[in-house]
Amino acid sequence: NSTVIVVLFEEMNSDWYPWSGMTNGNTPQKAVLAYRHVRDLFRDVPNARFGWTVNHDSVPDTAENARLAYYPGDNYVDYVGVNGFNFGNPWQSFSEVFDPALSELATLNKPIIIFSMASADGVRKAAWIRDTLTVQIPAHPKIAGWIWFNEDKEADWRIWSDPDSLHTFTQSVSRHEE
């Protein structure tokens with residue numbers, strides 16, 4: 001049996017999903033109860049693990065919509081996570097996007113997974129990739145894994161958006177495996 005990580009209600013501290021905590025009559029308390037309910041349905045599934053992931057910043061950025069207001073509790077979560085992107089306007093480093101959320105998540109004493117990350121394309125993308133994969137992620141020992149959002153959507157997030165980014169990604173991942 002392979003382990004499967006189930007992520008429920010990602011980025012609930014945002015305002016762009018039907019389950020977002022500040023839309024459609026939702027609240028952080030309702031989100032916590034919904035997460036716990038679904039998690040309880042899987043208690044007897046031995047290969048299911050549960051991830052809980054927030055957006056790197058809260059939208060809206062209010063005390064009521066704070067990231068940790070949505071935390072269902074240690075008994076319900078196996079991995080904590082964050083999604084974040086360098087949209088490129090203004091250009092943001094990995095640290096600018098992720099450090100506040102990573103610091104907060106580290107207090108939960110769970111393995112951290114970046115469930116979705118990427119950088120917009122541009123002449124600085126390859127350097128962003130190199131810094132992220134070879135300096136920033138290794139500097140956070142609680143990060144147990146990461147997933148690159150490899151889509152051409154609001155921006156060209158793909159690792160092959162340009163040859164230099166693809167080369168840098170490949171080199172950085174290969175270097176990490178040594």
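Taking Arg36 as the reference, Val32, Pro72, Tyr76 meet the side-chain contact (heavy atoms from CB on, under 4.5 Å) condition, with sequence neighbours excluded. Partners of Asn26 by side-chain contact (heavy atoms from CB on, under 4.5 Å), not counting sequence neighbours, listed by chain and number: Thr23, Asn24. Shown here are the side-chain contact (heavy atoms from CB on, under 4.5 Å) partners of Val6, two or more places apart in sequence or in another chain: Val4, Leu8, Phe50. Legend: residues meeting side-chain hydrogen bond (donor to acceptor under 3.5 Å, both in side chains) with Glu151, ordered by chain and number and at least two apart, are absent. Shown here are the salt bridge (Lys or Arg N to Asp or Glu O under 4.0 Å) partners of Asp164, two or more places apart in sequence or in another chain: there are none. Shown here are the side-chain hydrogen bond (donor to acceptor under 3.5 Å, both in side chains) partners of Thr62, two or more places apart in sequence or in another chain: there are none. The side-chain contact (heavy atoms from CB on, under 4.5 Å) search around Asn150 returns Trp148, Arg158, Ile159, Trp160, not counting sequence neighbours.
Hydrophobic cluster membership for Trp157: Phe85, Phe87, Phe149 (Ile, Leu, Val, Met, Phe, Trp, Tyr linked by side-chain heavy atoms under 4.5 Å, directly or transitively). Grouping Ile, Leu, Val, Met, Phe, Trp and Tyr residues whose side-chain heavy atoms lie under 4.5 Å apart, directly or via other members, leaves Val123 alone, with no other cluster members.
Contact between Pro141 and Ala139 at its shortest, heavy atoms only, is CD-O, 3.3 Å. Among all heavy-atom pairs drawn from Trp52 and Tyr70, the shortest one is NE1-O, 3.1 Å. Taking both residues in full, the closest heavy atoms of Phe169 and Ile129 are given as CA-CG2, 3.7 Å, listed atom of the first, atom of the second, then distance.
Among pairs with a residue in residues 2-27, none fulfils salt bridge (charged side-chain N to carboxylate O under 4.0 Å, His left out), at least two apart in sequence or across chains. Judged as a salt bridge (charged side-chain N to carboxylate O under 4.0 Å, His left out), the pairs with a partner in residues 59-69 (not counting sequence neighbours) are, in order, Arg67-Glu104.
Checked by atom type, the side-chain pair Ser14/Ser20 shows a donor-acceptor distance below 3.5 Å.
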Can you check side chain to side chain contact (heavy atoms under 4.5 Å, CB included) on Val59 and Asn13, steps first, answer last? CA-CA 6 Å; Val59 180; Asn13 63 320; over 6 Å; no

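Relative orientation of the Phe94 and His140 rings is tilted, given thresholds of 30° and 60° on the angle between their planes.
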Acceptor/donor pairs from residues 110-122 side chains to any protein atom, 3.5 angstrom cut, sequence neighbours excluded:
{"unit_1": "Lys110", "atom_1": "NZ", "unit_2": "Asp74", "atom_2": "O", "d": "3.0"}
{"unit_1": "Lys110", "atom_1": "NZ", "unit_2": "Val77", "atom_2": "O", "d": "2.7"}
{"unit_1": "Ser119", "atom_1": "OG", "unit_2": "Asn86", "atom_2": "ND2", "d": "3.0"}

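Note on Val54 and Ile147: separate hydrophobic clusters, where clusters join Ile, Leu, Val, Met, Phe, Trp and Tyr whose side-chain heavy atoms are under 4.5 Å apart, directly or indirectly.
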